[in-house]
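This report concerns only the one structure given below.
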Protein chains: 2
Amino acid sequence: MSLGTTSPATAPLARPLYRHIKVFVREHVESGAWPPGHRVPSENELVSQFNVSRMTAHRALRELQQEGVLARRPGVGTFVREPSRRTSLIDIRNIADEITARGNRHSCSVELKATIIATDQLATAFDLDRGTELFHVVLVHRERTGHDKAVPVQLENRYVNAKVVSDFLEHDFKSSTPTALLLAAIQPDEIEHTVTAIRPTKEHQRLLEVKSGEPCLSLHRRSWSGEHVVTVAELIYPASRYSLHGRHRPANV
Amino acid sequence: MSLGTTSPATAPLARPLYRHIKVFVREHVESGAWPPGHRVPSENELVSQFNVSRMTAHRALRELQQEGVLARRPGVGTFVREPSRRTSLIDIRNIADEITARGNRHSCSVELKATIIATDQLATAFDLDRGTELFHVVLVHRERTGHDKAVPVQLENRYVNAKVVSDFLEHDFKSSTPTALLLAAIQPDEIEHTVTAIRPTKEHQRLLEVKSGEPCLSLHRRSWSGEHVVTVAELIYPASRYSLHGRHRPANV
DNA sequence: AAGTGGTCTAGACCACCAG
DNA sequence: TGGTGGTCTAGACCACTTT
């Protein structure tokens with residue numbers, strides 16, 4: 001092959017070659033087939049196996065190193081890294097479990113349930129093409145103490161990658177929350193969250209039964225499983241009714 | 001040059017070429033010479049300017065994109081991204097470093113600096129006997145963008161265990177923030193934080209120059225080193241000016 | 001000496017976007 | 001149509017580590 005031919009003539013796949021190799025390695029690591037410390041194929045071995053140039057194999061391994069999956073040592077080899085021991089400030093926990101653990105009763109109402117086409121903004125958040133199919137749900141979670149009236153404690157505005165969890169909308173979210181269903185379907189291996197304080201909109205005020213002056217916490221979260229962003233959620237908490245808490249060891253100690 | 005000669009024969013530099021380009025771009029971004037939205041040189045322009053191959057220029061720009069410095073659009077060009085004012089929920093960052101990394105200028109004013117005797121509440125937080133000596137400082141951190149006025153971005157209300165960091169009050173906190181000094185003195189091996197949304201008090205409004213209706217984030221943090229609670233801090237951020245961010249792998253995966 | 005990863009080149013093809 | 005970024009190749013030289 002004398003020219004720099006790009007897309008493989010043998011496989012008309014949308015995914016670039018270096019991502020093929022990344023997926024191949026990730027699958028072995030995540031399935032446990034290659035445990036921590038296991039030596040992964042060298043660049044030259046991947047060149048032979050995948051019929052790619054060394055630059056392509058190198059890029060795949062380098063990115064997995066940057067993502068914390070692999071450790072590389074010049075002159076030695078590439079190895080599967082120990083999983084991070086660090087715990088999260090905010091683990092993904094099922095709010096229904098939190099409430100029942102406090103001895104109170106959880107309930108929720110489904111305000112919206114729809115299949116949508118990704119807007120630009122959502123496509124960026126999911127790292128997908130614009131126009132991809134997504135599921136969208138809006139729920140209000142309530143907590144009831146003793147015989148009092150149930151109080152809204154969380155507004156859940158969630159989008160789900162339809163390709164990854166295709167049966168998501170088949171549930172009614174009454175017996176299990178979206179969080180519980182998603183955790184049962186896939187194990188997230190990466191989480192991102194951004195916390196801000198916001199003034200509730202009219203819609204927030206109505207659904208959460210808060211006054212306009214009461215500040216709310218907005219927790220924006222993305223969860224990955226392998227290559228894919230599985231779900232993007234915006235969780236709004238009335239500040240007077242919830243706080244976020246975490247305790248952990250810092251990263252580099 | 002017919003062969004793939006690597007390190008430039010003309011410059012025996014330790015830094016690889018793609019990092020040269022990264023530094024070049026970063027310096028322009030952080031100095032403000034290339035403001036957000038500014039178009040950065042295309043790959044082909046960098047090829048000419050730096051006398052490198054396109055792969056090398058591409059790698060530099062791609063990594064800066066992954067690091068959140070640049071945004072790239074196929075068919076259009078590469079642009080400087082809007083810096084985000086946010087801090088980490090996972091480790092302890094020096095706010096002065098965060099601000100300078102965005103290309104802005106940090107300043108702070110010391111509002112209070114005192115030695116106090118622990119109240120019941122503080123003694124509990126530090127897990128010490130009531131009456132123990134503590135240091136107490138209050139600072140306002142400000143950020144200045146370009147030639148604008150410095151804007152308050154954080155109110156730091158901090159208590160320090162006097163036994164653990166006995167020379168803490170000898171600093172003026174102008175050249176180094178309390179965070180920087182504490183990190184230099186001791187390595188925290190455990191962190192706890194609690195995040196809430198609050199309505200600013202009159203004092204908050206005055207020091208942070210916010211209106212009463214603007215919600216604020218309150219980040220309450222305790223840091224341990226060995227057996228001792230080293231410091232307890234309440235960090236207040238105007239919600240419109242800062243958010244908290246974390247991205248990590250969950251613990252139990 | 002052989003193998004590893006780190007870097008680099010000088011080409012190439014492609015999808016995309018603007019004028 | 002020409003410029004942009006995205007990907008890929010088939011070589012290369014180097015520092016490093018293990019045998």
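Protein chains get the first letters and strands the later ones, always in sequence-line order, with residue 1 at the start of each.
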Task: Short side-chain donor-acceptor distance under 3.5 Å, Glu234(A) and His220(A) - done: no
Show me the donor-acceptor pairs, under 3.5 Å and distance only, between side chains in residues 34-41 of chain B and residues at least two apart or in other chains.
residue: Arg39(B); atom: NH2; partner: Val76(B); partner atom: O; Å: 3.0

Under 4.0 Å between a side-chain N/O of [X] and OP1 or OP2 of [N], yes or no?
X	N	answer
Tyr18(B)	dC8(C)	no
Thr56(B)	dT9(C)	yes
Ser53(B)	dC8(C)	no
His58(B)	dG5(D)	no
Arg72(B)	dT4(D)	no
Ser42(A)	dG3(C)	no
Asn44(A)	dT4(C)	yes

- [ ] Answer yes or no: side-chain N or O of Arg59(B) and base N or O of dG6(C) forming a donor-acceptor pair under 3.5 Å.
- [x] no
Open item on the list: Is there, by distance only and without an angle test, a donor paired with an acceptor across the side chain of Arg19(A) and the base of dG6(D) below 3.5 Å?
Closed with: no
Task: Toward the 5' end of DNA chain D, by each residue's nearest nucleotide, Arg62(B) or Arg54(A) - done: Arg62(B)
- [ ] Name the residue closer to the 5' end of DNA chain D, choosing between Asn51(A) and Pro74(A) according to the nucleotide with the nearest heavy atom.
- [x] Asn51(A)
Nearest listed nucleotide, side chain of [X], among [options]:
X	options	answer
Glu43(A)	dC8(C), dG6(C), dT4(C)	dG6(C)
Thr78(B)	dC8(D), dG5(D), dG6(D)	dG5(D)
Met55(A)	dA10(D), dG5(C), dC17(C)	dA10(D)

Task: Ring centres under 6.0 angstrom apart (Tyr159(A), Phe126(A)) - done: no
Task: Ring-ring centroid check His106(B) His141(B), cutoff 6.0 Å - done: yes
